[in-house]
Amino acid sequence: MDTTDLVKSISIANLANQRTAIVERIHAALDLLGEAQQLATVAHLRFPRLVLDESYGCRGRPSVTGDYAKRDEAQAAMVRLIDAHGWNYLLSESGMRTFMDAKAREQWSRQIAEGDVPELTAANIEATFAQLYGARGDMFERGVLQCFRRLSWDYKSNSPFRFGKRIIVRYLLSQGSSNYHITNELDDLTRVFSVLDGKPEPDHRHGLSSLISHAQRLRKSEAENAYFQLRWFKNGNGHLTFLRADLVDRMNKILAKHYPNALASEVR
C-alpha cells in the first residue's frame, strides 16, 4: 500500500521539506548567537548563557551559549525534539497506532519520549510506515496472545486454554483511574473483534481508557462497547463479559494456532 493511502491528511513530502527548512533556520540562528557571543567577548561585555529547555528530547539541558556550550550537541538536541514530535504527530494523524498492539505502541512511545527516533525524512517515513503496515497481521495476532497471557488464571471464569464467556481483568484500575497498560491490551482485544467482525479498526483515541473515564465522570462502574461489557470494583479488578460468542470462537482459533498442544490436551 502506498504511504499516501495511510497518511491521507498529511503530505509526507511537504512535512519533510518543512523539517529541512526548520533545521536550516536553527543552524542559522545558532550561527548568529555564536557571532553575538564573540562580539560581546571582544567588547568585554557579558553575554547570557542560554540553556535548552529540560524537555524529554534534550537529554540533560545542553547549553547553547557560554563557556561550556557545545554547538553540535545543542543543535542535535533541538532537531531530535522536533523529529520526536513529528513522529508522534504522524502516528496519531495517520491512525497507524490503531494497527499496533500494546507492545508496539509502548515501544514507540518510549522511543519518542527519549528522542530515539529516525530523522524525519520522506524516505524514513515511507520505509517505517511500510514496515509497520507489513507487520500489521503479526501485530494483530500478537495482540490476541498478549491479552490472553495477561489474564489471571486464579478465577474459574478464565479458562487456561481459551477465551470463555467472561474474563477477570486484574489491575484494571490504578489509584481509582484506568490502568493505561491494561486498557491498551484490552484495546487490542477490541481491535481483534472489529477485524473479525469485518468492521473498521477502532481509533485508539476512543479506546477503553476513554470509555472508563467517561463512565466514571457519570459515577458509573460499568461501560460497554459493541463487543463486551466491562464492570470494575473497588479492589481495582474488572469483569469483562463477551457479547459476541461467534467472534470469541474465531478468536480462539488464533490461540489454537499458537497453542495447538495445549488446546488439544484440554479437548482430550
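Computed from a predicted model, the values in this text were never measured in an experiment.
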Participant: Not counting sequence neighbours, list each pair that qualifies as a side chain to side chain donor-acceptor pair (under 3.5 Å) and has a residue in residues 31-51.
Facilitator: D31-R71, R49-S63
Participant: Hey, is the main chain of D116 close enough, under 3.5 Å, to the side chain of Q111 for a donor-acceptor pair?
Facilitator: yes
Participant: Using atom types as modelled and distance alone, determine if a side-chain donor or acceptor of W87 lies under 3.5 Å from a backbone N or O of P118.
Facilitator: yes
Participant: Under 4.5 Å between any side-chain heavy atoms of L173 and F233, yes or no?
Facilitator: no
Participant: Do N225 side-chain atoms and F228 backbone N/O form a donor-acceptor pair below 3.5 Å?
Facilitator: yes
Participant: Step by step, work out the salt bridge (charged side-chain N to carboxylate O under 4.0 Å, His left out) result for D188 and K103.
Facilitator: CA-CA 10 Å; D188 283 339; K103 181 178 180 180; over 6 Å; no
Participant: Just by distance, do the side chain of D83 and the backbone of G115 share a donor-acceptor pair under 3.5 Å?
Facilitator: no
Participant: Would you call D72 and K70 a salt bridge, using N to O less than 4.0 angstrom?
Facilitator: no
Participant: Output all residues satisfying salt bridge (Lys or Arg N to Asp or Glu O under 4.0 Å) with K220, sequence neighbours left out; order by chain, then residue number.
Facilitator: none
Participant: Just verifying a value: how many Å separate N124 CG and L120 CG, rounded to the nearest 0.5 Å?
Facilitator: 8.5 Å
Participant: Determine whether a donor-acceptor pair (N or O, by modelled atom type, separation under 3.5 Å) exists between the side chain of Q216 and the backbone of G176.
Facilitator: yes
Participant: Taking N252 for its side chain and F163 for its backbone only, find out whether a donor-acceptor pair lies under 3.5 Å.
Facilitator: yes
